[in-house]
Colleague: 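Take this structure first; my questions come after.
Just so we're clear, the structure is a prediction, and the values are computed from it rather than from any experiment.
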Amino acid sequence: MGYRVAVVGATGAVGREMLKTLAERNFPVSEVVALASGRSAGAEVSFGEKTVLKVRDLERFDFTGMDIGLFSPGAAVSAVHAPRAAAAGCLVIDNTSQFRMEPGVPLVVPEVNPHSIARRPKKGIIANPNCSTIQMVVALKPLHDISRVKRVVVATYQSVSGAGKEAMDELWSQTRGVFVNDPPLAEQFTKPIAFNVIPHIDRFMDDGATKEEWKMAVETRKILDPDIQVMATCVRVPVMIGHGEAVHVEFENPITERQAREALRDAPGITLLDSRDDGGYATPLEIAGEDAVFVSRLRRDPTVPNGLAFWCVADNLRKGAALNAVQIAEEVHRNGSLKVGGG
């Protein structure tokens, strides 16, 4: 027997990746339903290599009898329809920012805090963290287990796919336009993204940080340790898929490079690719489509006590979104907190 699974936002980049990941990982399903807005109803999306699903209208869909809902339709849409699905008995795994910091809603990265979903949450919703947070806490967890992390300073290099398909199209059209002397038209970003970097993701807050930077701080504390201090600068770069992060960590107690390498090498969800020669590191281009968080450039940071620095990259559509959501569903299946039929 398998679960009845609804994928909400199925026509978007993350929704399509959710469908692909469910099929690739042979998640036990008896039925998969693709849902999106009314204007996408009737469109077709792939589930695995042989199955094509016709998209149904989210507004009209009755979640009664559905076991799991994988949501990635945007925060405003999740705010309306995730509680509706949960009230119908469907366990919602939501990839938007809507519920992440809500009390009683687990915020989960399975390699880091699977214990947070030992039982079905009262609200029926589990939140998927922000893509940039996920890859960082996966890399931090095995180090935190050796010596508690006190402070993190991180600069992100985030691909345009994190802003959706329209953002990817804008990078493509602007890049092409450079070579035919078309003036760049910035609609998805505040400035041209082609051959540029933009230190601005999400809206600005009163203290000068952006919402993306705030997310990295508060989500890290909720997932890993409430006492960790995080200072983030989040930057959009002209890369299609894959986020990079330069991470500087201050630990409570001494930790050697050797200890860190051994811990990272053995940790689930991490590939350590770090040799100190040309090309001995991972980049977004070469890890697109991969499941792991790749860690490179590990070295001592002599500017703080007990400091280490590293570079990490991950496919933001997979581990940063779709894969993490499916892994949460796998954990729920494994720990028995969800029975087929919504129990």
Side-chain angles (χ1 to χ4, degrees), residues 5 7-25 27 32 34-36 40 43 45-49 53 55 69-75 77-78 93-98 100 108-111 127-139 156-172 188-189 193 201-202 212 215-216 219 234-245 269-271 282-294 312-330:
V5 179
V7 176
V8 181
T11 56
V14 174
R16 291 175 185 272
E17 198 67 36
M18 285 174 168
L19 289 165
K20 179 181 177 183
T21 304
L22 282 169
E24 286 179 350
R25 294 175 72 87
F27 185 77
V32 178
L35 301 173
S40 296
V45 291
S46 296
F47 174 61
E49 294 183 0
L53 305 175
V55 176
L70 299 179
F71 275 61
S72 191
V77 177
S78 278
I93 302 171
D94 183 58
N95 187 59
T96 77
S97 61
Q98 181 62 36
R100 290 172 185 160
V108 178
V109 179
E111 296 93 339
N128 214 37
N130 190 38
C131 49
S132 52
T133 304
I134 289 174
Q135 69 184 71
M136 186 174 77
V137 296
V138 168
T156 71
Y157 305 75
Q158 295 180 226
S159 65
V160 295
S161 56
K165 181 181 182 300
E166 292 82 5
M168 298 171 75
D169 291 342
E170 183 160 299
L171 172 57
W172 172 252
Q188 301 301 315
F189 302 107
I193 185 63
I201 300 177
D202 213 321
E212 186 84 355
K215 289 175 195 173
M216 291 196 74
E219 291 178 14
C234 294
V235 183
R236 192 70 72 187
V237 298
V239 170
M240 283 294 184
I241 295 174
H243 290 354
E245 295 176 352
I270 293 175
T271 295
T283 63
L285 183 64
E286 61 203 298
I287 61 85
E290 298 289 339
D291 289 345
V293 174
F294 288 76
C312 68
V313 292
D315 184 324
N316 55 293
L317 298 181
R318 289 188 68 84
K319 184 53 188 170
L323 173 63
N324 199 77
V326 173
Q327 286 177 311
I328 291 172
E330 291 172 342

Colleague: Is it true that a side-chain atom of Thr96 and a backbone atom of Ser72 form a donor plus acceptor pair closer than 3.5 Å?
Modeller: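 Absent.
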Colleague: Say whether, by atom type as modelled, one donor and one acceptor occur between the side chain of Arg100 and the main chain of Asn95 under 3.5 angstrom.
Modeller: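 Here the side-chain-to-backbone pair exists.
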Colleague: Please examine the side chains of Leu22 and Leu70, heavy atoms only from C-beta on, and report whether any two atoms are closer than 4.5 Å.
Modeller: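 Yes, their side chains come closer than 4.5 Å.
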Colleague: Among Gln135, Glu290, Glu111, which residue satisfies the side-chain hydrogen bond (donor to acceptor under 3.5 Å, both in side chains) criterion with Lys319?
Modeller: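 Exactly one option meets the side-chain hydrogen bond (donor to acceptor under 3.5 Å, both in side chains) with Lys319, and it is Glu111.
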Colleague: Under 4.5 Å between any side-chain heavy atoms of Met216 and Thr156, yes or no?
Modeller: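 Yes - at least one pair of side-chain heavy atoms lies under 4.5 Å apart.
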Colleague: Please report the C-alpha distance between Lys215 and Asp202 in whole Å, then the side-chain angles of each, then the deciding distance to 0.1 Å, and finally whether the side chain to side chain contact (heavy atoms under 4.5 Å, CB included) criterion is met.
Modeller: CA-CA 10 Å; Lys215 289 175 195 173; Asp202 213 321; 3.1 Å; yes
Colleague: Between CH2 of Trp172 and CD1 of Ile193, what distance do you get to the nearest 0.5 Å?
Modeller: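 The distance works out to 15.5 Å.
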Colleague: Closest approach of Asn316 and Gly162, non-hydrogen atoms and distance?
Modeller: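 Smallest interatomic distance, heavy atoms only, reads ND2-N, 3.4 Å.
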Colleague: To the closest 0.5 Å, what do you measure between CD (Glu170) and CE (Met168)?
Modeller: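 With rounding to 0.5 Å, CD (Glu170) is 13.0 Å from CE (Met168).
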Colleague: Got Val293 and Met136 here, is their nearest side-chain heavy-atom distance under 4.5 Å?
Modeller: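 Side-chain contact under 4.5 Å: no.
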Colleague: Measuring from Arg318:CZ to Lys20:NZ, what's the distance to the nearest 0.5 Å?
Modeller: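 Nearest 0.5 Å value for the CZ-NZ distance: 5.5 Å.
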Colleague: Does the side chain of Ile270 come within less than 4.5 Å of Val138's, by heavy atoms?
Modeller: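 The answer is yes, as the side chains (C-beta and beyond) meet within the 4.5 Å cut-off.
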Colleague: For a quick test of reading the model, state the closest non-hydrogen atom pair linking Ser161 to Met240 and the distance between them.
Modeller: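 Closest approach of Ser161 to Met240: OG-O, 2.8 Å.
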Colleague: Can you check whether Leu35 reaches Val7 side chain to side chain, under 4.5 Å on heavy atoms?
Modeller: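 No. Closest side-chain heavy atoms not under 4.5 Å.
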Colleague: Of all residues at least two apart in sequence or in a different chain, which pass the ring pair (Phe, Tyr, Trp, His ring centres under 6.0 Å) check with Tyr157?
Modeller: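 Ring pair (Phe, Tyr, Trp, His ring centres under 6.0 Å) list for Tyr157, sorted by chain: Trp311.
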Colleague: Could you check whether Glu212 pairs with Arg236 (Lys NZ or Arg NE/NH1/NH2 to Asp/Glu carboxylate O, under 4.0 Å)?
Modeller: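 Judged by the 4.0 Å cut-off on N to carboxylate O distance, Glu212 and Arg236 do not form a salt bridge.
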Colleague: Any idea which heavy atoms bring Ala321 and Asn128 closest together, and the distance?
Modeller: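 Looks like O-ND2, 2.9 Å.
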Colleague: Could you tell me which residues satisfy ring pair (Phe, Tyr, Trp, His ring centres under 6.0 Å) with Phe189, sequence neighbours excluded, listed by chain and number?
Modeller: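 Per chain and number, Phe189 pairs via ring pair (Phe, Tyr, Trp, His ring centres under 6.0 Å) with no residue.
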Colleague: For Cys131 versus Gln158, what's the shortest heavy-atom pair and its separation?
Modeller: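 What the structure gives for the nearest pair is SG-NE2, 4.5 Å.
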Colleague: Determine yes or no for a side-chain-to-main-chain donor-acceptor pair under 3.5 angstrom, with Glu219 supplying the side chain and Asn130 the backbone.
Modeller: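 Yes; judged by distance alone, with no hydrogens or angles, the pair exists.
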Colleague: Atom CG in Leu171, atom CD in Gln188: separation rounded to 0.5 Å?
Modeller: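 Interatomic distance, Leu171 CG to Gln188 CD, rounded to 0.5 Å: 11.5 Å.
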Colleague: Identify the two heavy atoms, one from Gly320 and one from Ile134, that lie closest to each other, and give their separation to 0.1 Å.
Modeller: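 Nearest heavy atoms, Gly320 then Ile134: O-CD1, 3.6 Å.
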Colleague: So, taking the atom named CZ in Arg16 and the one named OG1 in Thr21, what distance separates them when rounded to the nearest 0.5 Å?
Modeller: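 Rounded to the nearest 0.5 Å, the CZ-OG1 separation comes to 13.5 Å.
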Colleague: Within the 4.5 Å heavy-atom criterion, are Ile93 and Met18 side-chain neighbours or not?
Modeller: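 No. Closest side-chain heavy atoms not under 4.5 Å.
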Colleague: Just by modelled atom types, is the Ser159 backbone N or O under 3.5 Å from a matching donor or acceptor in the His243 side chain?
Modeller: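 Yes, His243 side chain to Ser159 backbone: donor-acceptor pair under 3.5 Å.
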Colleague: Quick one: which of Val108, Asn324, Val137 gives a side chain to side chain contact (heavy atoms under 4.5 Å, CB included) with Pro129?
Modeller: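 It is Asn324; the other options fail the test.
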Colleague: To the nearest 0.5 Å, tell me how far Leu285 CG sits from Ile241 CD1.
Modeller: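 It comes to 10.0 Å.
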Colleague: Are side-chain heavy atoms of Phe27 and Val5 found at a separation under 4.5 Å?
Modeller: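 Yes, close enough: below the 4.5 Å cut-off.
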Colleague: Specify the closest pair of heavy atoms between Val239 and Pro284, including all atoms of both residues, with the distance to one decimal.
Modeller: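 It is CG1-CB, 4.0 Å.
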